[in-house]
Amino acid sequence: MLNSLMTYPYPILRSQPIDYKTGTFDAVIVKTNQQAGFDITVSYSVNNDQIKELLDKRVIAYALQIQCISTWYRKLVISDSEKQSIFLSSNIIHERVDMCPCIIAMEDIDNFTNSDFSEDFAGIPFKINKGEVVAIGERQKFDALYKDDIIKKSESIVTFVNDEKCKAMHCEWEFE
């Protein structure tokens with residue numbers, strides 16, 4: 001899972017201007033419960049003109065990484081605009097779902113520079129490989145729990161009865 005607290009070997013656009021002087025990347029994620037799953041709507045925003053130019057040229061793209069630990073579902077959904085809608089069916093996710101908005105490189109960028117780099121990175125060109133992160137937002141999570149959750153409401157198939165008079169453990173089968 002992507003992590004906004006991780007340090008990268010090149011400047012990353014974040015929700016706070018850390019590697020950039022003033023540039024930031026933000027994403028607003030809204031989850032709406034539906035009968036068969038969850039609608040996820042993401043609104044991305046960038047306030048750096050050079051990053052916007054790369055987005056317009058499709059050299060880089062907005063994306064949302066989705067991961068569900070209990071079902072092992074993991075997907076990076078790439079967006080072609082500042083607004084993104086995703087439907088997560090209830091049969092692919094369960095319990096905790098992590099989401100991390102980002103901007104990724106769609107192709108190799110040999111001399112990645114930006115006039116807004118902080119003084120630590122100013123004037124230094126970086127190689128960004130296809131698929132690497134250029135910007136990262138704040139990770140969000142939600143619990144995919146359902147009103148009629150058969151896993152939570154099921155009865156155990158095993159019953160234990162403590163009998164103080166019994167000297168040996170035995171098993172009684174009710175069904176085949």
Side-chain angles (χ1 to χ4, degrees), residues 1-33 37-89 92-145:
M1 184 76 194
L2 293 172
N3 187 346
S4 59
L5 301 175
M6 190 171 129
T7 303
Y8 290 83
Y10 55 88
I12 297 288
L13 197 62
R14 300 171 193 263
S15 60
Q16 299 293 321
I18 298 170
D19 296 341
Y20 287 71
K21 293 177 201 167
T22 60
T24 58
F25 166 66
D26 291 304
V28 176
I29 301 173
V30 177
K31 173 195 64 94
T32 308
N33 297 0
F38 301 90
D39 279 325
I40 307 297
T41 306
V42 188
S43 299
Y44 300 100
S45 65
V46 171
N47 69 349
N48 182 285
D49 291 335
Q50 290 169 294
I51 295 292
K52 285 182 182 178
E53 186 179 320
L54 291 173
L55 285 162
D56 292 340
K57 292 179 180 177
R58 299 288 296 151
V59 174
I60 60 177
Y62 296 113
L64 183 68
Q65 185 185 39
I66 304 165
Q67 180 175 325
C68 180
I69 295 169
S70 62
T71 63
W72 294 10
Y73 178 78
R74 188 176 197 173
K75 188 169 187 177
L76 182 70
V77 185
I78 297 171
S79 177
D80 55 0
S81 71
E82 293 178 345
K83 302 275 187 206
Q84 183 177 28
S85 293
I86 302 163
F87 180 75
L88 297 174
S89 173
I92 60 171
I93 58 172
H94 184 71
E95 293 182 346
R96 192 176 96 197
V97 179
D98 292 313
M99 300 178 292
C100 188
C102 59
I103 297 176
I104 60 164
M106 299 300 287
E107 56 189 62
D108 290 344
I109 306 170
D110 289 325
N111 292 308
F112 179 68
T113 61
N114 196 297
S115 61
D116 193 38
F117 280 167
S118 70
E119 59 186 50
D120 296 336
F121 300 109
I124 303 171
F126 294 90
K127 173 149 176 59
I128 307 291
N129 296 313
K130 181 179 179 178
E132 288 184 333
V133 179
V134 175
I136 192 164
E138 297 299 320
R139 189 165 75 182
Q140 296 180 30
K141 64 182 177 181
F142 72 93
D143 289 325
L145 300 175

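None of the values given here were measured: they were computed from a predicted structure.
Put simply, the side chain of I29 reaches to within 4.5 Å of the side chain of L64, judged on heavy atoms. Side-chain contact check for C102 versus L76: some heavy-atom pair is nearer than 4.5 Å. K21 has its side chain out of reach of E119: every pair of non-hydrogen atoms, C-beta onward, lies at least 4.5 Å apart. At least one side-chain heavy atom of D19 sits less than 4.5 Å from a side-chain heavy atom of R14. Residues N33 and K31 form a side-chain contact, since some pair of their non-hydrogen atoms from C-beta on lies under 4.5 Å apart. Side-chain atoms of V46 and Y62, non-hydrogen and from C-beta on, do get closer than 4.5 Å to each other. A heavy-atom distance below 4.5 Å is not found between the side chains of T24 and S15. Counting only heavy atoms from C-beta outward, the side chains of I60 and I109 approach each other to under 4.5 Å.
Remark: I103 CD1 to I78 CD1 distance equals 12.5 Å, nearest 0.5 Å. Atom CD of Q140 is separated from atom SG of C100 by 9.5 Å, given to the nearest 0.5 angstrom. With values rounded to the nearest 0.5 angstrom, D26 atom CG is found 8.0 Å from Q16 atom CD. For the atom pair CD1 of I128 and CD1 of I104, the computed distance is 12.5 Å after rounding to the nearest 0.5 Å. For the atom pair CG (D98) and CD1 (I93), the distance works out to 11.0 Å, reported to the nearest 0.5 Å. Rounded to the nearest 0.5 Å, atoms CG (L55) and CG (N48) are 9.5 Å apart.
Closest heavy-atom contact between F25 and I136: CD2-C, 3.6 Å. Closest non-hydrogen pair, E132 versus K127, comes out as OE1-O, 4.1 Å. Annotation for A61 and S79: closest pair CB-O, 3.9 Å, computed over non-hydrogen atoms. In this structure, D120 and I124 approach most closely via the heavy-atom pair O-CD1, 3.8 Å. Nearest heavy-atom pair across R74 and Q65 is NH2-NE2, 3.4 Å. P125 and T113 get closest at one heavy-atom pair: CA-CG2, 3.3 Å.
Around atom CD of E107, more than 12 heavy atoms belonging to other residues, nucleotides or ligands sit under 6.0 Å away. Atom NZ of K75 is surrounded by 12 or fewer heavy atoms from other residues, nucleotides or ligands within 6.0 Å. Annotation for K130: atom NZ does not count as buried by contact number, only 12 or fewer foreign heavy atoms lying within 6.0 Å.
Judged purely by atom type and a 3.5 angstrom limit, T71 has no side-chain atom pairing as donor or acceptor with the backbone of H94. Between the side chain of Q50 and the main chain of S115, a donor-acceptor pair closer than 3.5 Å is present.
F121 has its ring centre no less than 6.0 Å from the ring centre of F112. No close placement of the F87 and F38 rings is indicated, their centers lying 6.0 Å or farther apart.
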Q) Would S85 and D39 satisfy side-chain contact (heavy atoms from CB on, under 4.5 Å), going step by step from the backbone distance to the final call? A) CA-CA 7 Å; S85 293; D39 279 325; over 6 Å; no
**Q.** Working for side-chain contact (heavy atoms from CB on, under 4.5 Å), residues V134 and I51
**A.** CA-CA 9 Å; V134 175; I51 295 292; 4.0 Å; yes
Q) Does the pair D116 and T22 meet the rule for a side-chain contact (heavy atoms from CB on, under 4.5 Å), with working shown? A) CA-CA 7 Å; D116 193 38; T22 60; 3.3 Å; yes
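A side-chain donor from one of K83 and S43 sits under 3.5 Å from a side-chain acceptor of the other.
Between F117 and Y20, the ring-plane angle classifies as perpendicular under the 30° and 60° cut-offs.
Residues passing the salt bridge (charged side-chain N to carboxylate O under 4.0 Å, His left out) test with D80: none are found, sequence neighbours excluded.
Using a 4.0 Å cut-off between charged nitrogen and carboxylate oxygen, D143 and R96 do not count as a salt-bridge pair.
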